[in-house]
A.B. asks: 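Sharing a structure, written as structure tokens. Questions coming.
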Amino acid sequence: MSNHSATTVSTAAATDQAASSPVNQPGRVSASEPLFGGGGLLGTIYILTFVLVALLVVIPLVALVYGSLRSAAPGMPGEWTLANWAALASPGIVGTFATTIGIGIASSLISAMIGTALAIIVHRTDFRGGSTVTALVSLSFFLPSFILAMAWIIIGSPGGLINGVLEDVLGLEGWKVDAYTVTGIIFVMALHQIPFVFLIMCGPIIGMDASYEEAARASGASPYAVLRRITLPLLSYSLTSSLVLSFILSIEQFAIPALMGIPGHVPVLATQLYLLVRFPPPDYGLAASIGLTLSALTGVALWLQRRIARNNRLTVTTGKAGRLVSIPLGRWRWAANALCWGYLALALIFPIVILAYVSVIKYFNANPIEAAYTLRNYVFLYESGATLHSFWNTLIVSGLGALTGVVLASFISYFTLRQRPPAYHALDFTANLPFGVPGVVLGLGLLWAYAYIPLPIYGTLVILVIAFITRFLSYATETIGGRLVQIDKSLEEAAWTAGATRIQGIRRVLVPLALPSLRGAYFLLFMAFFREIASAVLLYTASSNVLSTSIWSFFEQANWGLASSLSLTSMVAVLAFMYLLMRLARVRPMRRYMTDPNADNAVKQ
Amino acid sequence: MGISVTRLVKIYGSTTIVHGISFSVADGEFVTLLGPSGCGKTTTLRCIAGLERTNGGVIEIDGKVVSDAEHDIFVASHERNLGMVFQSYAIWPHMSVAANVAFPLEVRGIRDTREAVAWALDVVGLAALAQRQPSELSGGQQQRVALARAIVGRPKVLLFDEPLSNLDARLRDRTRAEISRIQKELSIPAVYVTHDQAEALSMSDRVIVMDLGRIIEEGKPRDLYRRPASRFTADFIGAANFLSLVYREQAWFAPDGSAVRLANPEPGVAGETRVAVLRSEIMEIRARDKAIGQDNHNALHGTVKGLQYMGPHIEYSIDISGVPLNALSNEEFEVGAAVLVTFRPQDIHLLPRSETPQSPSP
Ligand SMILES: Nc1ncnc2c1ncn2[C@@H]1O[C@H](COP(=O)(O)OP(=O)(O)OP(=O)(O)O)[C@@H](O)[C@H]1O
Ligand SMILES: [Mg+2]
């Protein structure tokens, strides 16, 4: 796991880089640089890339706008109307709006605080076991939100574990816990987003120029004073930026508010949209206008975040790592331990133990001593053709879909960061646009679009792949682009002047040097596709079930046992598969290059 | 055949960076583009390498037009048959030394690269390190790998963009000699870009002095140093003093009224003022009381105003009747000492009339 944590950091810090990458490009950028010296091939690829990206992104968005202005369901005869937009002003929806933002602010504040605290403890203090904590936090980064929510529903719902223990085991009648509340949602969302903040903050915390702190120490500041007066202020931009990103993630979060908020009647915009489409009488038009509003909200937040990231002139990272002095924890060691291990217990260990427990009992019982154990859930999964089918579907969607996504993202990064042909800005913008579009909203857009487009892909794996690639394309372009900007332009130019064509230069120099990031992007897309539910929930059918949607339907049918056992099985299977893949892909000569830090520095000449 | 650049123009956005410069480099000739930072040296070199498209003018390599904006001719870098050494070396970190050097051959479809690679590594003295990874090399060794990679394909031209600027002073001196030797051996034209005058003077057959995207002057290193045609060149190459000489009674006179004798006398118009270049390092300083009874040609009377101890010599600033003069010497003088600064007739050089700022009233 720790092998890949660097990748996750770079992607988690996705938008930070996005803002700065065009400016930081080393080497020379020339507006009139020879275009397509590799013959017509690169030109053709550019046009194809552009068209594909435009289709992927523009179709669902246009469909949404269209849908929000129609009075009938997709594909039905209807007329133009503004009623869907007017309906946004109804008290119910205004209230939902407020709940969404309230939950977003609360959960992002909590996760920013705890995530940063964890990162500082692990990287800047004499905390023992930092690498274990980092590895486990990275692992919890990949724990799908709907699985985390499921676990906490099993733990904290009115008929769940805690209440069972309180009532049956301890006999306390008056005490009740309810996860189906705003508090419950905020709690689980914060747990889910802490690893994200942690991974983003690790970069600036590790990469900070030691001389600032040394100067403070030389002026007589105690380690704690250095932290408070120098380190934290220097991190303030990164902190704000990760706070806003985390806010975006929580307002577009679907699975947690759907699983916990729908039973508890706590609507947020994403789930309101889902309910409008899924439950009769459906109101597709209103759903579309809600979707666009939600996208506008995330869009504004994203714009804000980019501005913050771009203005970040404080953290001067020099890569002079290892000279930062650790802060002694002293008598606060217990608190640091409590925070780190407490978090991991709540976000990773406890949920997985609960899922494992629920997957092997016949009927839910809060007392493990009295419970009746069985393997029937696993036997059922093993024997049911439908489960096997969804395994295969996931393999296709995640395996091949992620591959397609990485290829497309490599082209986009190459053109927007290296080649810079005409209109490359537009390509960059289009490819990044879906980052601000919540998953359900994207699903709804595709639902509208493919009711009109005469392509028989609705309800197939193809539409899932389209949705996932569109949604996560920017993750891959950020990972690959983050690497490309580090590869000095002169390395490629040296190949050209040595007699290599553009294509040869790409194949022999650029691709080998960018390979770690290609691999990282593949890993990231694979995991993202595997754990994605928001954009799939409106698009899947029985025949195009993937693992995430299968787990989802089991849970919707209140079959906790099957949902738990399939969650565990699929997580183990996916991790094993990724591990194998990464082992296979690691070719011998690259290994030494990758493990040699000097070799890596040589790239950034 | 060599390289020929005719009226080269390069524009970035709305700023013209290179203003129609022309020069040529003959086979086996080593030409340096010298100039202050930002004057367009790298840009010119990159135009020759085909890394930039030109906006005007013609570039020919070996008699073949490779860039001609007006006629829309542009030969891509990889078809120009170049050897280029980058300032950052640009050694590919994922390939061994041998693989780096073999690359230019491989991409041209040559299968058996062993012999040529061995030759190139031998020329730069790195034969023993062929299997090393770039990360295991020192800066100087990386620099020589870059050189080997540039010459291995027996290119038609060699291009260097400040290849020594990342090396320490001693290594720089050694590598300087090595580059000149290799270039002479291959007898191909070389264009070398630098802003370091010592590099330019020591390596080049010819130096082209540039400023603000224009060529100021070109010539042999010795001529540029001793007989620059412009104030800019004199100032940029070496430490120059500028003295205003006045012509009267068939002779030139220094500001302190002493007569100046020139190696090849150039008559002026009576009352005319011309600027002369006097190099700091070729003057002699003597205490004035010890120099009585000397020939008073080419002897300026001055007072020591300040001094800086530099190690091998002391740099004095001397006041000659209100005109400041810098001179180097290893004699010791106190501040305030009355001195006589002497120089040989061949060491003072009159700049052309056009280089004298025209004052409104003589
Ligand atoms: N891609 C570009 N876009 C716009 N202007 C550029 C670009 N590249 C260079 N310039 C400008 O062109 C001018 C000449 O640059 P060039 O790199 O040729 O200078 P140089 O003589 O090599 O300087 P140095 O000694 O510092 O390397 C500079 O003013 C620079 O700012
Ligand atoms: Mg330069």
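Just so it is clear, the structure is predicted and the values come from calculations on it, not from any experiment. Here is how names work: the chains are called A, B, and so on, in the same order as the sequence lines, proteins then strands, and each is numbered from 1.
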A.B. asks: Grab the two heavy atoms, one from A/Ala494 and one from B/Trp92, that are nearest each other, plus how far apart they are.
C.D. replies: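 Smallest heavy-atom distance, with atoms named: C-CZ2, 3.6 Å.
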A.B. asks: Any chance you could measure A/Glu493, atom CD, to B/Phe86, atom CZ, to the nearest 0.5 Å?
C.D. replies: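 Interatomic distance, A/Glu493 CD to B/Phe86 CZ, rounded to 0.5 Å: 5.0 Å.
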A.B. asks: What part of B/Arg80 gets within 4.5 angstrom of chain A, counting heavy atoms only: side chain, backbone, both, or neither?
C.D. replies: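 No part of it gets close to chain A.
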A.B. asks: Take a 6.0 Å sphere around CG of B/Leu212 and say whether it holds more than 12 heavy atoms from other residues, nucleotides or ligands.
C.D. replies: no
A.B. asks: Taking atom CD of B/Glu70 as the centre, does the number of heavy atoms from other residues, nucleotides or ligands within less than 6.0 Å exceed 12?
C.D. replies: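 Counting neighbours around CD of B/Glu70, more than 12 heavy atoms of other residues, nucleotides or ligands fall under 6.0 Å, so yes.
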A.B. asks: In Å and rounded to the nearest 0.5 Å, what is the CZ to OG1 distance from B/Arg149 to A/Thr497?
C.D. replies: 7.0 Å
A.B. asks: Within this structure, what is the CG-NE2 distance for the pair A/Leu510 and B/His94, rounded to the nearest 0.5 Å?
C.D. replies: 9.0 Å
A.B. asks: Does atom CZ (B/Arg108) have a neighbourhood of more than 12 heavy atoms from anything else shown, all under 6.0 Å?
C.D. replies: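 Yes, the 6.0 Å shell around CZ holds more than 12 heavy atoms from other groups.
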A.B. asks: How long is the straight-line distance from CD of A/Gln504 back to NE2 of B/His78, given to the nearest 0.5 Å?
C.D. replies: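 Output value for this atom pair is 7.5 Å.
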A.B. asks: Taking atom NZ of A/Lys489 and atom OG of B/Ser88, what is their separation to the nearest 0.5 Å?
C.D. replies: 12.5 Å
